[in-house]
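Following: one structure in structure tokens, then a few remarks.
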Amino acid sequence: MMIRIGLTGGIASGKSTVATWLKEMGFPLIDADQIARDVVRPGEEGLVRLVARFGRGVLHADGSLDRGKLGRLVFADQEKRKELNALLHPLIRRRMRETLDALQAQGLPVVFLDIPLLFESGLEDWTDRSIVVYVPQPIQLKRLMERNQLGEEEAMARIRAQMPLAEKRKMATAVIDNSGPQVQTHEQLRDLLKSWDLI
């Protein structure tokens, strides 16, 4: 019986760093963000759906998706963000499910599902356990502004677009606190995997 572990967090919380460590440790990991990028490549159904709804203004000259333009459009308008999710989430879920079924068919003992919107999307039912990578909001805001070169208002809009990390940590099986040095975060991950007999 394969154990399915959801990995989630918030924007600029450090979830991607933890996901990278898991892959380096040899664990199979399904990356919802990567799948979300795959379904909007030129020629994919997701991109066709986006252009039909938001127009060709969301494309680069070469026909690929201009993520910056789309981001500015949907993060400023909750209804447009809901429309975007309604267009793409079914495609992303279908591809995630196909990948999960393929890994299960291989008889693997454990798989991680890296899903930023695990709880918001109601996908915790897909998992047996969940890990939230947590940072307090002031640190999250500072890191996001620095990483994405955003002003405070735009960065806060992106943070508010997600469920607060304080809420997610209440819903998770386990919490990794990433507010300190990375070495401490890595130790927490290893301790957690040992406690679950995964390493």
Side-chain angles (χ1 to χ4, degrees), residues 2-47 49-50 64-65 67-68 70-71 74-75 81 84-135 140 143-144 147-148 158-159 161-163 165 168-169 171-176 178 182 185-186 188-190 192-193 196 198-199:
M2 185 169 74
I3 301 169
R4 301 161 304 171
I5 303 173
L7 175 68
T8 193
I11 191 166
S13 71
K15 176 190 61 62
S16 297
T17 301
V18 173
T20 299
W21 290 337
L22 288 167
K23 284 188 278 190
E24 287 171 355
M25 293 165 87
F27 290 104
L29 183 134
I30 299 172
D31 183 341
D33 273 350
Q34 183 58 56
I35 290 172
R37 287 189 286 274
D38 291 345
V39 301
V40 292
R41 291 188 194 283
E44 291 279 352
E45 184 182 348
L47 190 60
R49 289 184 178 192
L50 287 183
S64 63
L65 180 63
R67 296 183 170 282
L70 182 65
V74 301
F75 279 112
R81 194 163 63 248
L84 173 72
N85 291 341
L87 290 173
L88 297 184
H89 280 186
L91 301 176
I92 297 165
R93 286 181 188 211
R94 185 171 72 203
R95 198 161 294 186
M96 283 177 62
R97 175 51 71 183
E98 289 166 358
T99 308
L100 190 57
D101 290 346
L103 290 172
Q104 193 146 12
Q106 292 174 33
L108 294 172
V110 63
V111 63
F112 285 85
L113 292 94
D114 179 355
I115 309 175
L117 303 179
L118 179 71
F119 299 122
E120 292 95 325
S121 302
L123 291 177
E124 63 266 37
D125 293 349
W126 286 27
T127 65
D128 303 301
R129 304 171 190 171
S130 59
I131 301 169
V132 163
V133 181
Y134 171 82
V135 289
Q140 184 184 20
R143 288 180 182 172
L144 180 58
R147 187 188 77 184
N148 290 34
R158 294 186 181 211
I159 290 170
Q162 298 179 344
M163 182 187 293
L165 281 169
K168 289 186 182 188
R169 71 180 295 166
M171 301 169 76
T173 313
V175 176
I176 292 176
N178 187 36
Q182 280 201 352
T185 305
H186 199 273
Q188 289 176 67
L189 175 63
R190 291 190 68 83
L192 177 59
L193 295 176
W196 285 349
L198 297 177
I199 58 172

Hey, is the main chain of [Y] close enough, under 3.5 Å, to the side chain of [X] for a donor-acceptor pair?
X      : Y      : result
Ser13  : Val133 : yes
Gln140 : Ile159 : no
Gln104 : Met2   : no
Thr127 : Ile5   : no
Thr8   : Val132 : no

Where do [X] and [Y] come nearest, in terms of heavy atoms and distance?
X      : Y      : answer
Leu165 : Gly10  : CD2-N, 3.3 Å
Lys15  : Pro116 : CE-CG, 4.0 Å
Ala12  : Arg143 : O-CD, 3.9 Å
Val40  : Ala36  : CG2-O, 3.4 Å
Ile35  : Met96  : CD1-CG, 3.4 Å

Within 45 degrees of the axis of the six-membered ring of Trp126 and under 6.0 Å from its centre: does Arg97 put its NZ or CZ there?
yes
Just how far is it from atom [atom1] of [X] to atom [atom2] of [Y], taken to the nearest 0.5 Å?
X      : Y      : atom1 : atom2 : value
Leu50  : Glu44  : CG    : CD    : 11.5 Å
Ile115 : Ser130 : CD1   : OG    : 10.5 Å
Leu144 : Ile11  : CG    : CD1   : 4.5 Å
Leu189 : Gln182 : CG    : CD    : 12.0 Å
His89  : Ile92  : NE2   : CD1   : 5.0 Å
Asp125 : Arg4   : CG    : CZ    : 9.0 Å

Would you give me the side-chain donor-acceptor pairs under 3.5 Å for residues 22-34, sequence neighbours excluded?
| from | atom 1 | to | atom 2 | distance (Å) |
| --- | --- | --- | --- | --- |
| Asp31 | OD1 | Asp33 | N | 2.9 |
| Asp31 | OD1 | Gln34 | N | 3.1 |
| Gln34 | OE1 | Arg37 | NH2 | 3.1 |
| Gln34 | NE2 | Asp38 | OD1 | 2.9 |

List the residues meeting salt bridge (charged side-chain N to carboxylate O under 4.0 Å, His left out) with Glu45, not counting sequence neighbours, and say none if there are none.
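With neighbours one apart ignored, the set is Arg49, Arg94.
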Any non-hydrogen side-chain atom of [X] less than 4.5 Å from a side-chain atom of [Y]?
X      : Y      : result
Thr173 : Trp196 : yes
Lys168 : Leu118 : no
Asp101 : Glu98  : no
Leu70  : Leu84  : yes
Thr17  : Thr185 : no

